[in-house]
Number of protein chains: 2
Amino acid sequence: MASRETIGPHPTRIEILKSAAAAFRRLGYHGATVEQIAAALHMKKGNLYYYFHNKEEILFACHQYSLERLMGLLHEVEQSGLAPDVKVRRLIVAGVHTILDELHGTALFLDLEALSPAHLKTIIAGRDQFDQGLRRLLEEGVKAGVFDRGDIKLRSFAMLGALNWIPRWYDPDGPATSQEIADRFADYLIAGLRVHEA
Amino acid sequence: MASRETIGPHPTRIEILKSAAAAFRRLGYHGATVEQIAAALHMKKGNLYYYFHNKEEILFACHQYSLERLMGLLHEVEQSGLAPDVKVRRLIVAGVHTILDELHGTALFLDLEALSPAHLKTIIAGRDQFDQGLRRLLEEGVKAGVFDRGDIKLRSFAMLGALNWIPRWYDPDGPATSQEIADRFADYLIAGLRVHEA
DNA sequence: ACGTTAGTTGAACGAACGTTCAAGTTCAAC
DNA sequence: GTTGAACTTGAACGTTCGTTCAACTAACGT
């Protein structure tokens with residue numbers, strides 16, 4: 001007796017999240033309609049309410065999914081025992097791939113302001129955890145002498161901004177593959193961190 | 001006989017644009033209502049239609065204003081005759097100040113997808129011009145031997161991403177002033193461009 | 001064959017919002 | 001004081017969209 005409860009997340013739920021994420025990214029939360037999200041899956045809009053209580057819950061689930069994936073990457077890197085600069089490179093490269101290839105650019109772009117206060121609090125907290133994880137890596141690099149001293153917070157914001165902005169210009173059919181973007185971004189963002197000869 | 005035509009843009013139009021920009025930034029284009037934009041100015045929503053044909057025209061005007069300001073900075077820098085790395089620093093510092101202090105974080109964040117096809121084309125074209133201006137500065141630096149060879153396009157996207165993301169985390173009452181952000185961002189983003197000893 | 005459960009549908013609702021407009025107000029010029 | 005243009009208002013309209021729900025179908029164990 002394998003019930004839905006024991007067997008894990010409902011496959012249809014995930015399909016809905018994918019469709020919603022794509023719609024939200026293209027049109028924004030308010031710009032995308034429940035009907036569009038459903039139509040992309042050959043469903044009727046009423047049907048989505050069998051799987052979610054309301055539109056906002058769908059948005060929240062999208063946010064959570066993205067955050068979970070990125071936090072997973074962070075923990076992998078943190079426990080890898082690699083050198084600090086290699087850790088940061090791994091995180092950037094894996095992060096770009098996750099955002100572009102798996103989340104299709106929907107990572108952290110979704111409207112926050114449309115979330116309910118409780119959900120917003122949860123997502124902000126998760127985002128802060130990721131930020132602070134990145135900062136720990138940078139501090140590690142500073143202590144190891146490979147990264148320059150300086151405001152870690154602002155540099156981490158700059159790095160996250162560069163990454164989060166990628167979906168705004170990325171074209172899957174364009175000249176740059178996600179692999180190239182990942183590598184060149186890692187090159188550039190890490191080069192700015194390194195100690196430069198006085 | 002100073003008519004509205006000869007005296008320049010209507011002051012009320014500008015007030016509306018400011019209010020709209022603030023609302024769009026907080027809530028997104030679809031999330032912000034015409035009534036809210038008007039209420040912030042102690043106006044009734046119907047009144048806005050005396051100054052603009054519709055909501056989309058307001059969004060377009062916001063985009064245009066931001067673009068004009070940033071293009072102005074670009075041209076100033078381009079004609080300054082300074083060294084390439086100093087030019088880039090000037091552009092970053094002035095850009096951060098413009099985005100935070102003058103545009104109040106509304107620069108390039110506004111929804112593009114809500115624009116009409118014709119307006120969208122105009123804004124995209126303007127944005128491309130800015131991108132290409134930045135790339136010209138980078139190429140100049142490469143030719144002068146102060147910037148590292150490498151993919152200029154991707155590095156310019158990384159820089160613009162870092163800058164455009166600032167409004168997402170900036171808190172006017174927070175610890176970092178716009179001056180500090182401008183300086184530290186310039187430090188970091190330019191450090192990653194410089195040639196590093198082989 | 002029957003019953004149960006899971007999933008789907010179409011129609012309807014109520015609220016919110018962009019837009020219109022005729023009527024109203026203000027005020028400077030004559 | 002009258003006129004007329006600039007500007008404002010409140011109410012109304014038409015649409016769209018999120019949400020609900022009772023009825024319907026499909027699949028499957030017994």
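By convention in this document, chain letters (A, B, ...) are assigned in the order of the sequence lines, proteins followed by strands, and residues within each chain are numbered from 1.
Look at A:Tyr49 and you'll find a side-chain N or O under 4.0 angstrom from OP1 or OP2 of D:dT19. The phosphate of C:dG7 (OP1 or OP2) has a side-chain N or O of A:His10 nearer than 4.0 angstrom.
In this structure, A:Phe60 and A:His119 have parallel ring planes: the angle between them is below the 30° cut-off, well short of the 60° mark.
If you check residues 20-28 of chain A against DNA chain C, you find no residue with a heavy atom closer than 4.0 Å. Proximity of residues 111-118 of chain B to DNA chain D (heavy atom under 4.0 angstrom from any strand atom) is not detected for any residue.
Here the P atom of nucleotide C:dC13 and the CG atom of A:Asn54 are 22 Å apart, to the nearest Å. Computed from coordinates, the B:Tyr29 OH to C:dA16 P distance equals 20 Å when rounded to whole Å. Regarding A:Phe52, its CZ atom lies at a distance of 15 Å from the P atom of D:dG18, rounded to whole Å. In this structure, B:His53 atom NE2 and C:dT20 atom P are separated by 9 Å, rounded to whole Å. Atom C1' of nucleotide C:dT19 and atom CD of B:Glu57 are separated by 14 Å, given to the nearest angstrom. Between the P atom of D:dC17 and the NE2 atom of B:His30 lies a distance of 10 Å, rounded to the nearest Å.
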I'd like a table of donor-acceptor pairs (distance under 3.5 Å, sequence neighbours excluded) in which one partner is a side-chain atom from residues 126-135 of chain B, with atom names and distances.
unit_1   : atom_1 : unit_2   : atom_2 : d
B:Arg127 : NH2    : B:Leu108 : O      : 3.4

Set out, line by line, the N/O atom pairs under 3.5 Å between protein and nucleotides 24-29 of chain C.
none

Chi angles and distances behind the side chain to side chain donor-acceptor pair (under 3.5 Å) call for B:Thr12, B:His10: CA-CA 5 Å; B:Thr12 310; B:His10 199 298; 3.3 Å; yes

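Between B:Lys87 and B:Glu140 there is a salt bridge, since at least one side-chain N of the basic residue sits less than 4.0 Å from a carboxylate O of the acidic one.
Sorted by first and then second residue, the salt bridge (charged side-chain N to carboxylate O under 4.0 Å, His left out) pairs involving residues 42-56 of chain A (not counting sequence neighbours) form an empty list. The salt bridge (charged side-chain N to carboxylate O under 4.0 Å, His left out) analysis of residues 74-86 of chain A, with sequence neighbours excluded, yields the pairs A:Glu78-A:Arg136, A:Asp85-A:Arg194. For residues 90-100 of chain A, the set of pairs meeting the salt bridge (charged side-chain N to carboxylate O under 4.0 Å, His left out) definition, not counting sequence neighbours, is empty. Each side-chain hydrogen bond (donor to acceptor under 3.5 Å, both in side chains) pair with one or both residues in residues 58-72 of chain B, not counting sequence neighbours, appears once here: B:Tyr65-B:Glu102, B:Arg69-B:Glu102.
Scanning for salt bridge (Lys or Arg N to Asp or Glu O under 4.0 Å) contacts around B:Arg89 gives B:Asp187, with sequence neighbours left out. Under the rule for a side chain to side chain contact (heavy atoms under 4.5 Å, CB included), the partners of A:Leu41 that lie at least two apart in sequence or sit in another chain are A:Glu15, A:Ile16, A:Ser19, A:Met43. Taking B:Phe52 as the reference, nothing meets the ring pair (Phe, Tyr, Trp, His ring centres under 6.0 Å) condition, with sequence neighbours excluded.
A:Glu35 CD: 12 or fewer foreign heavy atoms inside a 6.0 Å radius.
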Protein proximity profile, nucleotides 8-16 of chain D - base contact B, sugar-phosphate-only contact S, no contact -, cut-off 4.0 Å on heavy atoms: BBS------

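Residue contacts shown for B:Ala32 are limited to sugar-phosphate atoms, with no base heavy atom under 4.0 Å away.
Taking every heavy atom of both residues into account, B:Ser178 and B:Val96 meet most closely at O-CG1, 3.9 Å.
The hydrophobic clustering, which links ILVMFWY residues whose side-chain heavy atoms are closer than 4.5 Å, places A:Val142 and A:Val88 together.
Here C:dC30 sits opposite D:dG1 as a Watson-Crick or G-U wobble pair (both hydrogen-bonding atom distances under 3.5 Å).
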